[in-house]
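Input: a single structure, listed below in structure tokens.
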Amino acid sequence: MNDIPIALSASGVPETVLDGEPGEALGRLAEALRASGDQRRALISDVVARWPLFLDGWARLGEEARDAVEAYACFRVGYHRGLDRLRRSGWRGSGYVRWRFPENRGFLRALAGLAAAAAALGEQAEAQRCEQFLRQLDPDWSGDLLES
């Protein structure tokens, strides 16, 4: 990350909204999230195995990880796959990717999780870069958004 300003167009800062996830994947993830304990984690893992490009699946698997290393790995996969999808959606490295659009939440959840996992592993510089990136993507970003 750097401090290069975002180029503004005549219409303001561009916003990117990711394409939607498959309906069946969303449904299966919702079912998995209603489970508890090891069953919850296993069901989320099944969802990710079936839809490996499902960003919120990776983020939720990171939330259910057994340790900080596993969490970091899951969140990083979600983050990198999210960057790929953002670029395919027209994002050019600057502009907003806001939480208010449900399609963006898996990516933002993965990025927030990556920040937390990096901090847990003592990677403070990485955690700070992720936090700064979150605020650049959505100036209204708050960790409280993850609860919604």
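All of these numbers come straight from a predicted model, not from anything done at the bench. All residue numbers refer to positions in the sequence shown, counting from 1.
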Give every donor-acceptor pair under 3.5 Å between a side-chain atom in residues 44-53 and any protein atom, sequence neighbours left out.
from	atom 1	to	atom 2	distance (Å)
Arg50	NH1	Glu24	OE2	3.0
Arg50	NH2	Glu24	OE2	3.4

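Residue pairs satisfying the salt bridge (charged side-chain N to carboxylate O under 4.0 Å, His left out) criterion with at least one member in residues 119-128, sequence neighbours excluded, are listed as follows: Arg76-Glu126, Glu126-Arg129. Residue pairs satisfying the side chain to side chain donor-acceptor pair (under 3.5 Å) criterion with at least one member in residues 25-40, sequence neighbours excluded, are listed as follows: Arg40-Glu64. Residue pairs meeting the salt bridge (charged side-chain N to carboxylate O under 4.0 Å, His left out) criterion with at least one partner in residues 113-122, sequence neighbours excluded, do not occur; the list is empty.
Residue Leu108 comes nearest to Val97 through the heavy atom pair CD1-O, 3.4 Å, listed as atom of the first residue, atom of the second, then distance. The shortest heavy-atom contact between Leu55 and Gly78 is CD2-O, 3.5 Å. Residue Ala115 comes nearest to Glu131 through the heavy atom pair CB-OE2, 3.7 Å, listed as atom of the first residue, atom of the second, then distance. The minimum heavy-atom distance between Leu18 and Asn104, with the atom names listed, is N-OD1, 2.9 Å. Closest heavy-atom contact between Ala59 and Gly106: CB-O, 3.9 Å. Heavy-atom minimum distance, Tyr96 versus Gln136: CD2-O, 3.6 Å.
Applying the side-chain contact (heavy atoms from CB on, under 4.5 Å) rule to Ala112 yields the partners Leu134, Trp141, Leu146; only residues at least two apart in sequence or on another chain are considered. Not counting sequence neighbours, the partners of Ala68 by the side-chain contact (heavy atoms from CB on, under 4.5 Å) test are Ala120, Leu121. Here Ala119 pairs with Gln124, Ala127 under the side-chain contact (heavy atoms from CB on, under 4.5 Å) rule; sequence neighbours left out. Taking Arg85 as the reference, Asp19, Glu21 meet the side chain to side chain donor-acceptor pair (under 3.5 Å) condition, with sequence neighbours excluded. Residues meeting the salt bridge (charged side-chain N to carboxylate O under 4.0 Å, His left out) test with Glu15, sequence neighbours left out: Arg98, Arg100. Checked against salt bridge (charged side-chain N to carboxylate O under 4.0 Å, His left out), Arg88 has no partners two or more places apart in sequence or in another chain. By the side-chain contact (heavy atoms from CB on, under 4.5 Å) test, Arg92 pairs with no residue at all, sequence neighbours left out.
The aromatic rings of Tyr79 and Phe133 stand perpendicular to each other, their planes meeting at an angle above 60°, with 30° marking the opposite boundary.
By the 4.5 Å side-chain criterion applied to Ile, Leu, Val, Met, Phe, Trp and Tyr, Leu43 is assigned to no cluster and stands alone.
Transitive grouping of hydrophobic side chains (ILVMFWY, heavy atoms separated by less than 4.5 Å) keeps Leu83 and Val17 in distinct clusters. Tracing side-chain contacts under 4.5 Å through hydrophobic residues (I, L, V, M, F, W, Y), one never reaches Val69 starting from Val77; they form parts of separate clusters. When the side chains of ILVMFWY residues are joined at heavy-atom separations under 4.5 Å, either directly or via intervening members, Phe54 and Leu114 end up in two distinct hydrophobic clusters.
Annotation: the span from Trp58 atom CH2 to His80 atom NE2 amounts to 12.5 Å, rounded to 0.5 Å. For the atom pair Gln128 CD and Cys130 SG, the distance stands at 10.5 Å (nearest 0.5 Å). From Phe107, atom CZ reaches atom CG of Asp56 across 12.5 Å, with rounding to the nearest 0.5 Å.
Of the charged side-chain nitrogens involved, none lies within less than 4.0 Å of a carboxylate oxygen, so that Asp84 and Arg81 do not count as a salt-bridged pair.
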Query raised in the report: After noting the C-alpha distance and the side-chain angles of Leu137 and Trp99, does the key distance pass the side chain to side chain contact (heavy atoms under 4.5 Å, CB included) rule?
Result: CA-CA 9 Å; Leu137 293 172; Trp99 179 265; over 6 Å; no

